[in-house]
Every structure is written in C-alpha cells, then in structure tokens.
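Please find one structure pasted underneath; my questions will follow.
Please read all numbers here as calculations on a predicted model, not as lab measurements.
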Amino acid sequence: METFAPTPTDLGINWVDWNPCPPDKDMGLWGAVSLMTSGPVAVRSPIATTHFPDASLQTAELTVRAEVNNATDHPVEGRLEGTVAGIPISQSVRLAAGEERTISFAPSDFPQLRIEHPQIWWPVDQGAHPLQTLTLRFLLNGSVSDEQTSRFGIREVNSELTAKGYRLFRVNQRPILIRGAGWSQDMLLRQQPERVAEEFRMVHDMHLNTIRLEGKMETDEFFHLADEQGFLVIAGWCCCDHWEHWDKWTPDTLNVATASLTSQILRIRSHPSLIAWFNGSDNPPPANVETAYLKVLEQTHWPNAIVSSASRSTNYRERSEWGQDDWPVRFCRAFLLARRYEVRRGLWIQHRDQPRTGNSLSAESEEDVAA
C-alpha cells in the first residue's frame, strides 16, 4: 500500500483552527483494519429506532432496519431473523443477483414491536441510560449466512425552530438545554481508551451534556462511552478547508463527499447518543451539495435532526456567483450560533521564542455565557 499526505483539495482530516497540523498531515492508515467475512448474503448496519405515540411514554414503537447484500450471481431466498430488546422478529427475503437492499421491520406489520412500559434511554442528568441489544442473522438453506449485533437505546429525538428562530431539541418529547463544547481527537490520531475515559469524566465534571464533533468522527470506543454515560453527540463536516470550499469542487469531489457521508452515517446511526448531523459548519452548503447530502441521509434512514450549518452565516452566498435558486435548501434550519467565535490572539506557540497567533476553539464571549 502506498500513501500520500492529503493536499489542500482532498476531503480528509484537517485540523484547521483546532490544532497545529502534524508534519505528515496524519497520512496513512491510523485506525484498525479488519477483514470481515460472511456467507453468500451479508448483513450490515443494523439499527432500531423509536417513536413514542404520546407524551406518556408508556408505549414505544420500534422500527428495525438492516442492509442486506446478495454477493452471488443468482437470486437467493432466505430469512432475516433475530431479536430486538428480547423480542423475536423474522421475515422471508428474496434478493436478486448482486442486490443490496434495506430490510425493515415496522410495528404496523410486526405488532410485537409495540412495547409497553419500555426502559427508556435518557441523556446525562435526566435519567438512566439503559442499552438494549439488536441481533439480526440471515438464514440461507437453513444455515446462518451472516449475523450482526448492535446496541441501542429506546429514545426519540426531535428538533424545531422557536418563534425567535432558535433551534430547540427534544429528547423523548421533553425539551433539553444543550450545554456543550467542541471535542478534538489526539493530534496524531493515537487511540488511547484510558485517556478518552478520563476526558469523559472531565466533561461530566464540567456539567456539560453534549459533545460536538467537527469533521472528526472519533472511534467506536468514544461512541460506546457516550451511549453508556448518556452524553449527547452532534456530528458533521469541518469548516475552513476543502469540505467547505464548494466553489472549487468537481463532480468527483461531490461523489467522494456523498460516499463518505454514506459510510459514516451507516456507522454511527444506531448510537442513541447521536442527536444531530450538521451538513455544514461555519457556512451552509449550496443547494446542489445539500440536496445530495439530504438524499443520502434519507436513504440511510438517519433518525435524528438534520441541520444545515452551525451558524447563520451568509458568507457563502455573498462570495458565490450563484443565483437565488441555488441558495441552501435548509438555510432556515441553521443552528443559529451567531457569535460562536471570539478571536483571542497568541494561543499557539510553535517555538519557545516564536509565538504564533490563532483562534480559540469555538469559544463563547462573556455575553453569550451570561445569556
């Protein structure tokens, strides 16, 4: 395998104003690489989502989905079966040669997925965070072709704009105040589970309930800890680099971006800690990019809030040459962090006698804190 350092026009990990950039720009493989095998039909990315029909929360309606793929050159017929929160489910499935499809179990067709008196997952400081188990396997000619297991929480996330134009999040139909901050991985992308556990304890000691990931999707261990401890996570793309240089994108760039979004959403969508995905950071994407993103989020059944950007900045429209019809399709759904950054000088020191200037990491002004 030959690796190259990312260039300014690559969609990769860029530390922008989060960290000084490592000399090798974090090139190469930095995470674990696993070779997964299966029988003729593979099962991937199982997910169980929740809907509460009313505010009593006494009944939870679960919907189960998984991606199945027939790797053979001929049609196959088998059975997708398993358990969700201890409830057995099963249905027959027919796949064409090479077909990949999302298989769903809805409560309208499987009434056992309506659970009475469920064990509800709540955010930190709001209640307990019990996790349930979802296991799905594909049976072909009486043998298990593939099996996958994931953990999930019985919880529902919704969001809306208030009359003043701010975004309100609800978890299990109850409004929640988002108290969060940006999170940065180790600069060299070293995986250190003990350190991450200590950092989660610091987040709790700071009385925060939300962590924001800007373009750096973190490890599986991170998401497992967030699920277990009830912390909320907001994820999305990065600012200030090629992820937001849309006027320099080619059709191939958009293909890489949507493929990246697909793989990441399928990876993280089952975690109860995730509450929102940001399609942009400092700026909302133009209509063609955001439309492509929204299509991916719909096709992958993202169960949480979708937000255009982390600010109400109009910089991108002002510097673009596109017309009104190209204005971002979800600009009205921006997060409205109008004064998210306060510039403070002299924060980075490269050499002892050579101070460098930089910006603080998503710092809030004193006025914002008081508000």
Side-chain angles (χ1 to χ4, degrees), residues 46-65 83-87 107 112-135 149-162 166-183 193 196-213 218-236 267-278 301-307 335:
I47 178 177
T49 57
T50 304
H51 172 63
F52 293 106
D54 57 59
S56 73
L57 307 182
Q58 293 301 301
T59 302
E61 298 178 344
L62 303 185
T63 299
V64 175
R65 296 184 176 91
T83 58
V84 52
I87 301 168
Q112 68 267 39
L113 294 178
R114 290 189 176 93
I115 302 176
E116 300 297 328
H117 310 294
Q119 294 183 334
I120 300 174
W121 187 96
W122 290 98
V124 61
D125 298 329
Q126 299 291 314
H129 339 293
L131 295 174
Q132 313 296 329
T133 300
L134 167 63
T135 298
T149 296
S150 67
R151 298 189 304 173
F152 71 99
I154 298 177
R155 69 91 174 106
E156 183 178 27
V157 173
N158 303 101
S159 74
E160 63 196 64
L161 290 179
T162 68
Y166 295 97
R167 180 159 297 281
L168 171 66
F169 283 90
R170 298 182 186 272
V171 178
N172 304 328
Q173 302 193 14
R174 298 182 184 178
I176 184 169
L177 175 64
I178 299 296
R179 306 186 309 275
W183 174 285
V196 173
E198 289 292 337
E199 290 171 338
F200 266 79
R201 279 190 278 273
M202 291 179 62
V203 173
H204 186 270
D205 291 344
M206 294 169 67
H207 300 284
L208 303 179
N209 61 11
T210 306
I211 295 169
R212 183 192 171 202
L213 305 178
E218 264 294 354
T219 63
D220 291 341
E221 177 66 20
F222 169 94
F223 292 112
H224 292 323
L225 285 175
D227 295 342
E228 293 167 356
Q229 299 183 26
F231 287 106
L232 305 176
V233 178
I234 294 174
R267 172 177 170 248
I268 66 177
R269 67 178 184 176
S270 65
H271 291 280
S273 53
L274 269 295
I275 63 166
W277 176 266
F278 284 10
H301 303 282
W302 174 249
N304 307 305
I306 302 170
V307 183
F335 205 54

Could you pull out all residues at least two apart from Glu61 that satisfy salt bridge (charged side-chain N to carboxylate O under 4.0 Å, His left out)?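 Listed in chain order: Arg114.
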Partners passing salt bridge (charged side-chain N to carboxylate O under 4.0 Å, His left out) against Arg65 (at least two apart in sequence or in another chain):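 So Arg65 forms no salt bridge (charged side-chain N to carboxylate O under 4.0 Å, His left out) with any residue.
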Counting only N and O atoms by type, is there a donor-acceptor contact under 3.5 Å from the side chain of Arg179 to the main-chain atoms of His207? yes
State which residues pass side chain to side chain contact (heavy atoms under 4.5 Å, CB included) with Ile211; sequence neighbours excluded, sorted by chain then number. Trp183, Phe200, Val203, Leu213, Phe222
Asn209 side-chain N/O to Val124 backbone N/O, donor-acceptor pair under 3.5 Å: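 No, because the side chain of Asn209 does not come within donor-acceptor range (under 3.5 Å) of the backbone of Val124.
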Approximate separation, where rounding is to 0.5 Å, of Asp125 CG and Gln229 CD: 11.5 Å
Rounded to the nearest 0.5 Å, how far does CD of Glu160 lie from CZ of Arg167?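 Output value for this atom pair is 9.0 Å.
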With sequence neighbours excluded, what pairs up with Asp54 under the side chain to side chain donor-acceptor pair (under 3.5 Å) test?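 Checked Asp54 against side chain to side chain donor-acceptor pair (under 3.5 Å); matches are Ser56.
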So, using side chain to side chain contact (heavy atoms under 4.5 Å, CB included) as the criterion, who are the partners of Thr210 when residues are at least two apart?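 Counting only residues at least two positions away or on another chain, Thr210 forms a side chain to side chain contact (heavy atoms under 4.5 Å, CB included) with Ile178, Leu232, Ile234.
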Report the distance from atom CZ of Phe231 to atom CG of Leu208, rounding to the nearest 0.5 Å.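 Interatomic distance, Phe231 CZ to Leu208 CG, rounded to 0.5 Å: 8.0 Å.
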My understanding is that only residues two or more places apart in sequence, or in another chain, count here; which of them pass salt bridge (charged side-chain N to carboxylate O under 4.0 Å, His left out) with Arg174? none
List the atom of Gly153, the atom of Thr50, and the distance in Å for their closest heavy-atom pair. O-OG1, 4.0 Å
With heavy-atom distances below 4.5 Å as the criterion, would you say the side chains of Val171 and Phe169 are in contact? no
With sequence neighbours left out, write down each residue that passes side chain to side chain contact (heavy atoms under 4.5 Å, CB included) with His129, or none if nothing qualifies.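 Trp121.
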Side chain Asn304, main chain Ala276, donor-acceptor under 3.5 Å: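 Not at all, since once roles are kept as given, no pair shorter than 3.5 Å links the two residues.
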Got a sec, which residues hit ring-ring contact (aromatic ring centres under 6.0 Å, His included) with His224, two or more places apart in sequence or on another chain? His271
Among Val84, Val64, Leu131, Ile47, which one satisfies side chain to side chain contact (heavy atoms under 4.5 Å, CB included) with Phe152?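 By the side chain to side chain contact (heavy atoms under 4.5 Å, CB included) criterion, Phe152 pairs with just one of Val84, Val64, Leu131, Ile47: Val84.
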Minimum heavy-atom distance Ser150-Pro46, with the two atoms named: OG-O, 3.5 Å
If you draw a 6.0 Å radius around CD in Gln119, do more than 12 non-hydrogen atoms from other residues or ligands fall strictly inside? no
Ignoring hydrogens and angles, tell me if any N or O in the side chain of Asn172 forms a donor-acceptor pair with the backbone of Glu156 under 3.5 Å. yes
Qualifying residues under side chain to side chain donor-acceptor pair (under 3.5 Å), relative to Trp302, sequence neighbours excluded: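 With neighbours one apart ignored, the set is empty.
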Report the residues that fulfil side chain to side chain donor-acceptor pair (under 3.5 Å) with Glu228, sequence neighbours left out, ordered by chain and then residue number.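 By the side chain to side chain donor-acceptor pair (under 3.5 Å) rule, Glu228 matches Arg151.
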Could you give the distance from CE (Met202) to CD (Glu198), rounded to the nearest 0.5 Å? 9.0 Å
Rounded distance (nearest 0.5 Å) linking atom CD of Gln132 with atom CD1 of Ile154: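 Output value for this atom pair is 4.5 Å.
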Side-chain contact, heavy-atom cut-off 4.5 Å: Thr83 with Thr133?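 No, too far: nothing below the 4.5 Å cut-off.
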Side-chain heavy-atom pair Pro107, Leu62 within 4.5 angstrom cut-off: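 Side chain of Pro107 against side chain of Leu62, heavy atoms only: no contact under 4.5 Å found.
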Residues that Glu116 engages under salt bridge (charged side-chain N to carboxylate O under 4.0 Å, His left out), provided they are two or more places apart: none
Side chain to side chain donor-acceptor pair (under 3.5 Å) involving Glu221 - partner list, sequence neighbours excluded: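 None.
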Value rounded to 0.5 Å, distance of CG in Leu57 from CZ in Phe52: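 Reported value, rounded in 0.5 Å steps: 5.0 Å.
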Tightest non-hydrogen contact, residues Pro118 and Gln58, listed as CD-O, 3.4 Å
